[in-house]
Amino acid sequence: MVSATSASAPHPFDPLSLDEIQAAIGIVKKAHGDVFFNVVSLHEPRKAEMTKWLEDPANTPRPLRIADIVVIAPGGKVYDGLVDLSTGTITKWELLDGLQPIITMEELKNVEYTVRKDPKVIEQCVLSGISKDDMHKVYCDPWTIGFDERHGSKIRLQQALMYYRPNVDDCQYQYPLDFCPIYDAEKQEVIAIDIPKVRRPVSKADPVNYHPAAIEKLGGYRKDLKPINITQPEGVSFTMNGREISWQNWKFHIGFNYREGIVLNDITYNDKGTVRPIFYRLSLAEMVVPYGNPEHPHQRKHAFDLGEYGAGYMTNSLSLGCDCKGSIHYLDADFPTRSGEIRTIKNAICIHEEDDGILFKHSDFRDESVIVTRARKLIIQQIFTAANYEYAIQWVFHQDGTIQPDIRLTGILNTYTMDPEEDTKGWGTQVYPGVNAHNHQHLFCLRVDANIDGPNNTVFMADAVPSDAPVGSPENFYGNAFYAKRTKLDTTGKSKTDYNGATSRTWDICNTSKLHPYSKKPVSYKLVSREAPPLLPKEGSLVWKRAGFARHAVHVTKYRDDQLWPAGRHVPQTSGEPSLGLPEWIGDGTESIDDTNVVLWHTFGVTHIPAPEDFPVMPAEPITLLLRPRNFFTNNPVMDVPPSYASTPSQVAAAGAGVTDATDKMSKLAFANGVNGGSASCCATNGANGVNGH
Ligand code: ABN
Ligand code: CU
């Protein structure tokens, strides 16, 4: 039993500690013997109870610590359970029928070992032009199978995407093989192989690699880079209390789970002494990567990297100076292994500040008085590796109340083999001789559990449009009128909306019971997201059915405990009939979401038509969006951030007396006093020599 009442009791949002995971495992083992542990994670406190505790923690009972458990018992039987850690009791134990839980890293690793020994796989390798003695050079990325109607969802399956490495240090993704074994995780054997009608032998092209020895061979690394060092001689400007962070008026809790990775809870901003709630919970709740090649079996290639593999389970251990620079605070993550041991990922989350360019600036053209204030940002980061791809997830907090989820995609393209003269028919690109990188999308689902100045919020869609009135009419005589048209999304059905670049469409999460004193508009947070392509696979396709959340850029639901994951709780091998998660919660579309506790689900991402520059390793591609305060603060909330330089007209007239100058000395050295020999007055709008200190 793990006491929840001691002084060191965890915050109710904290992930389960190592001790708590061990306790839960012990309790399950005692009751159910040897099972494979798939999930042992925090069962999040019920919101009603948690909200009371957050309001008055000293006088409210602390929500109990409960472990959310998924196990696979002998015979492939899957159980969902709950363990109350305060009493040491199992409060729920439910056998699931035809549902497959998330695939763990350990399960993935078994597959390669099996396929290398399988006689039928060896036969196919030989047909591809690989010697049977070279099976140690054959690799596979074991993917969940998606859904295959021939095999259903009762047996736990993976599809093995096959590759070859002529040498151990070669990048296998340039030697894809053309067949696809199907692996039964319970039997631990290959049960079928999908073999294409048109065979394509393994490529004979010379390897192209990106490791240092390969780059040396190609002429070596660039030699013109001087070091950039980031120093924070007085330390960082944030404070941590357990997993609660305070920085620049922000305060929130940093959680982490096997599936979504970073989860941010109870996000508030101290607005001149008033602590204002903004979001109850923010996370990336799901993602899907549909591939666009119509040939069998590529229709199965649409990984749900969070629901099927887990952004937590796949997270990297981050290293200082590489993944993050500066003064870093790290948080570790603990997970169960299949057998019930503990796996700790050191430095799973890094927290640090970065300079962020100009926060605001104005200079007066009359007299060259100027104010320049530099911004900094706070970054909560994790990076996960989803087989070939890397995803760097940054939750960026800005001083002005903006939150910016920022994702960088890097790593390696998923590839398939082709004859170098073959026509890709537009479904992919030959990125290297014999390498076909199929078109695909990366569609993420951001879950926004809103709390804008209180739990009752309403979502509006805002479109910048011209006046409806014609030119020459009394309302729009000159024809120049335009405005932001606001449409209230007052039912779940109406909330299904898509991005429209032509109207600069945004969505406002409003508290309609609180109006701004000047604008008379409701206090709000605006979702500004310009990378929200539609799901390109057609209505009725397998991925359309399975990834219901990706059908629209925005859906809004009424909050319910446990509605966390928009493609369902157990995603592998769902058929999409019915579509789980968000389509179920949207229901017939009649539920009111007006002035209530709402959750906004936002699907955004990129459509990736690969190009040779993406190979053999992709330069990181950023995707970003903003949650911005609008009509929320009385006026600019960052005027109290100390400026780097500030002079008023009277100070300019008095030749600089009283000017505030906190510019960094290195900049002056480099450009003003040093190289260019100009004056050290850094902020004149057009310095005589054209060089400013900033
Ligand atoms: N991107 C699909 C995937 C993720 C993890 C492991 C295998 C495959
Ligand atoms: Cu991509």
Side-chain angles (χ1 to χ4, degrees), residues 100-112 115 139-147 156-163 172-173 176 180-183 185 258-261 284 286-293 297-316 383-393 407-416 427-429 431 435-444 531 533 535-537 543 546-547 550 567 571-573 604-623:
Q100 296 296 338
I102 204 160
I103 302 261
T104 62
M105 294 292 100
E106 285 168 280
E107 284 180 284
L108 289 173
K109 285 182 188 158
N110 289 340
V111 185
E112 194 163 83
V115 296
Y139 291 78
C140 82
D141 280 3
W143 284 41
T144 54
I145 195 157
F147 178 76
R156 189 162 174 79
L157 299 172
Q158 286 157 55
Q159 52 179 330
L161 308 194
M162 304 295 296
Y163 305 94
Q172 79 234 19
Y173 297 103
C180 183
I182 296 177
Y183 172 87
Y258 69 101
R259 183 164 183 149
E260 298 160 285
L284 279 185
E286 191 51 274
M287 62 175 288
V288 66
V289 187
Y291 282 78
N293 186 303
H298 304 304
Q299 82 287 354
R300 289 193 312 231
K301 237 168 47 179
H302 52 257
F304 292 72
D305 285 300
L306 306 197
E308 293 187 321
Y309 310 89
Y313 279 166
M314 298 190 294
T315 218
N316 294 184
I383 303 177
F384 66 89
T385 300
N388 50 308
Y389 261 101
E390 261 71 21
Y391 296 95
I393 314 288
I407 301 174
R408 266 144 226 249
L409 276 61
T410 177
I412 309 182
L413 290 164
N414 171 269
T415 56
Y416 190 65
W427 312 127
T429 304
V431 291
V435 181
N436 184 356
H438 293 162
N439 305 338
H440 57 278
Q441 301 188 281
H442 302 260
L443 300 176
F444 302 85
E531 290 175 283
L535 176 69
L536 292 177
V543 65
R546 299 185 71 219
V571 181
Q573 292 175 245
F604 66 99
V606 286
T607 299
H608 194 169
I609 308 293
E613 288 86 348
D614 296 334
F615 201 73
V617 64
M618 287 174 289
E621 175 167 356
I623 310 175

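Counting starts at 1 for both ligands and their atoms, in listed order.
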**Student:** Decide whether Thr385 and Asn316 meet the rule of one side-chain donor and one side-chain acceptor closer than 3.5 Å.
**Tutor:** yes
**Student:** With a 4.5 Å cut-off on side-chain heavy atoms, are Pro290 and Leu536 touching?
**Tutor:**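 A side-chain contact is absent here, since even the closest heavy-atom pair is not under 4.5 Å.
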**Student:** Could you check Arg546, Arg156, Arg259, Arg300 and say which one makes a salt bridge (charged side-chain N to carboxylate O under 4.0 Å, His left out) with Glu308?
**Tutor:** Arg546
**Student:** Under 4.0 Å, heavy-atom basis, I'd like to know which part of Ala387 is in contact with ligand 1: side chain, backbone, both or neither.
**Tutor:**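 The part of Ala387 near ligand 1 is both the backbone and the side chain.
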**Student:** What atoms of ligand 1 come closer than 4.0 angstrom to any heavy atom of Met314?
**Tutor:**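 Listed by number with element, the hits are 5 (C).
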**Student:** Looking at the Cu ion (ligand 2), is one of the N, O or S atoms of Gln441 less than 2.8 Å from it?
**Tutor:**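 So Gln441 does not count as coordinating the Cu ion (ligand 2).
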**Student:** What residue among Leu157, Val111, Leu161, Val115 forms side-chain contact (heavy atoms from CB on, under 4.5 Å) with Pro142?
**Tutor:** Val111
**Student:** About how large, to 10 degrees, is the angle NE2 of His440, then the Cu ion (ligand 2), then OH of Tyr389?
**Tutor:**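 About 100°, to the nearest ten degrees.
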**Student:** Which is the closest N/O/S atom of His608 when seen from the Cu ion (ligand 2)?
**Tutor:** ND1
**Student:** Quick one: does Glu308 get a heavy atom under 4.0 Å from ligand 1?
**Tutor:**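 Contact check Glu308 vs ligand 1: negative.
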**Student:** Check the orientation of Phe444 and Phe604. Use parallel for under 30°, tilted for 30 to 60°, and perpendicular for over 60°.
**Tutor:**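 Ring orientation, 0 to 90° scale: parallel.
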**Student:** I need the atoms of ligand 1 closer than 4.0 Å to a non-hydrogen atom of Ala303, numbered in the order shown.
**Tutor:**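 Reading through ligand 1 atom by atom, the close ones are 1 (N), 2 (C).
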**Student:** Below the 3.5 angstrom mark, is there an N/O of Asp305, backbone or side chain, next to an N/O of ligand 1?
**Tutor:** yes
**Student:** Hey, is Asp141 one of the residues with a heavy atom under 4.0 angstrom from ligand 1?
**Tutor:** no
**Student:** Using a heavy-atom cut-off of under 4.0 Å, does the side chain or the backbone of Leu108 touch ligand 1, or both, or neither?
**Tutor:** side chain
**Student:** Hey, can you tell me if His438 and Tyr416 have their rings parallel, tilted or perpendicular (30° and 60° cut-offs)?
**Tutor:** tilted
**Student:** Can you pull out the closest protein heavy atom to atom 3 (C) of ligand 1? Residue, atom name and distance to 0.1 Å, please.
**Tutor:** Tyr309 CZ, 3.4 Å
**Student:** Does even one non-hydrogen atom of Tyr389 get within less than 4.0 Å of ligand 1?
**Tutor:**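 Not so, Tyr389 does not reach ligand 1.
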**Student:** When the ring planes of Tyr258 and Tyr313 are compared, do they come out parallel, tilted or perpendicular, using 30° and 60° as the limits?
**Tutor:** tilted
**Student:** With under 30° as parallel and over 60° as perpendicular, where do the rings of Tyr391 and His442 fit, or are they tilted in between?
**Tutor:** perpendicular
